[in-house]
Amino acid sequence: MNHKLISLVAACFAVGSTAALALTNDEHKAEMKKVEATAKADKKACAAMKDNARDICKAEAKGREKIAKAELEQRFRPSPKNEADVKSAKANATYDVAKEKCEDQKGAAQATCKKEAKAAHESAKADMKAEKKAEKAVPAKAANANKG
């Protein structure tokens with residue numbers, strides 16, 4: 001009985017502390033404006049570059065923007081889905097930049113580079129799926145343990 005009470009108190013504390021960290025609507029809007037202004041400045045900085053360096057810069061800027069927006073949404077409405085979106089945004093941004101960097105290479109080296117980038121991306125996605133599956137399994141095990 002004491003273990004269940006302690007678990008319940010800990011769960012309530014965790015939920016309460018998560019809610020305390022969440023942003024208000026006004027804070028969310030202000031932070032979103034900052035993210036968009038930063039993204040605009042980052043993209044503008046790429047204009048001075050040439051060729052593939054510009055493409056890499058744009059991919060990095062776009063990736064940072066998507067990651068920042070996903071992280072902001074996680075801070076605004078914390079949830080497992082938004083946390084997964086942050087991880088997904090990071091994996092996709094890394095992949096997009098890696099693909100652009102491969103464009104600097106030629107022939108077989110470029111093909112190998114792209115294959116390695118894709119493999120790393122697929123691995124990151126597989127890790128996210130495995131993590132999600134493990135998270136779903138943990139509450140089921142805890143529910144079964146509490147029945148007894």
Side-chain angles (χ1 to χ4, degrees), residues 1-43 45-46 52-105 108-148:
M1 180 72 172
N2 274 345
H3 294 297
K4 288 181 183 179
L5 181 61
I6 291 170
S7 297
L8 180 62
V9 170
C12 289
F13 178 73
V15 169
S17 62
T18 300
L21 297 175
L23 300 173
T24 66
N25 281 336
D26 290 339
E27 290 170 331
H28 180 257
K29 287 178 187 175
E31 288 293 320
M32 184 60 78
K33 285 182 182 179
K34 286 181 189 177
V35 167
E36 289 171 352
T38 300
K40 187 175 180 179
D42 286 351
K43 290 173 186 172
C46 298
N52 198 46
R54 180 185 302 176
D55 294 340
I56 293 169
C57 181
K58 285 181 180 180
E60 289 172 339
K62 199 179 284 189
R64 282 191 300 270
E65 179 182 14
K66 287 180 181 180
I67 292 167
K69 285 182 176 182
E71 288 175 339
L72 179 57
E73 195 59 31
Q74 171 61 4
R75 286 178 42 222
F76 183 51
R77 290 190 180 99
S79 71
K81 182 207 176 293
N82 287 339
E83 185 177 339
D85 288 348
V86 170
K87 292 175 184 176
S88 179
K90 288 178 179 181
N92 291 337
T94 300
Y95 178 54
D96 291 342
V97 171
K99 283 192 308 185
E100 282 301 330
K101 288 182 177 182
C102 291
E103 294 294 322
D104 283 335
Q105 300 178 20
Q110 184 183 57
T112 300
C113 180
K114 286 185 175 183
K115 283 180 185 176
E116 289 173 356
K118 184 159 182 76
H121 187 242
E122 293 298 325
S123 176
K125 287 184 351 185
D127 289 347
M128 287 186 287
K129 282 183 183 179
E131 195 174 292
K132 189 174 183 178
K133 197 173 189 179
E135 287 173 0
K136 285 183 178 180
V138 170
K141 286 182 182 179
N144 290 337
N146 287 334
K147 287 181 182 179

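Just so you know, residue 1 is the first one in the sequence shown, and it goes up from there.
With salt bridges taken as basic N to acidic carboxylate O contacts below 4.0 Å, none links Asp96 and Lys62. Lys69 has no carboxylate O lying under 4.0 Å from a charged side-chain N of Glu73, or vice versa, which leaves the two without a salt bridge. Salt-bridge formation is not detected for the pair Arg54/Glu100: no Lys NZ or Arg NE/NH1/NH2 atom is positioned less than 4.0 Å from an Asp or Glu carboxylate oxygen. Salt bridge annotation for Lys33-Glu36: absent, with no cationic side-chain nitrogen under 4.0 angstrom from a carboxylate oxygen.
Here CD of Gln74 is found 10.5 Å from NZ of Lys81. Values are rounded to the nearest 0.5 Å. Once rounded to the nearest 0.5 Å, the distance linking OG of Ser88 with NZ of Lys66 reads 9.5 Å. Atom CG of Asn92 and atom NZ of Lys125 lie 7.5 Å apart (nearest 0.5 Å).
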Test Leu72 against His28 for side-chain contact (heavy atoms from CB on, under 4.5 Å), laying out the working first.
CA-CA 7 Å; Leu72 179 57; His28 180 257; 3.8 Å; yes
I would like to know whether Glu71 and Arg64 meet salt bridge (Lys or Arg N to Asp or Glu O under 4.0 Å); could you show each step before the answer?
CA-CA 10 Å; Glu71 288 175 339; Arg64 282 191 300 270; over 6 Å; no
Please test Glu122 against Lys118 for salt bridge (Lys or Arg N to Asp or Glu O under 4.0 Å), starting from the C-alpha separation and ending with a verdict.
CA-CA 6 Å; Glu122 293 298 325; Lys118 184 159 182 76; 3.7 Å; yes
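Contact annotation: the side chain of Lys101 never approaches that of Cys113 to less than 4.5 Å [non-hydrogen atoms, C-beta and beyond]. A heavy-atom distance below 4.5 Å is not found between the side chains of Thr94 and His121.
Judged by distance alone, the side chain of Gln110 and the main-chain N or O of Asp104 form no donor-acceptor pair under 3.5 Å. Thr112 places a side-chain N or O within donor-acceptor distance of the main-chain N or O of Ala108, the cut-off being under 3.5 Å. Asn82 places a side-chain N or O within 3.5 Å of a backbone atom of Arg77 that can act as its donor or acceptor partner.
The nearest pair of heavy atoms linking Asp42 to Cys57 is O-SG, 4.3 Å. Ala91 and Met128 get closest at one heavy-atom pair: CB-CE, 4.2 Å. The minimum heavy-atom distance linking Phe76 with Asn25 is given by the pair CZ-OD1, 2.9 Å.
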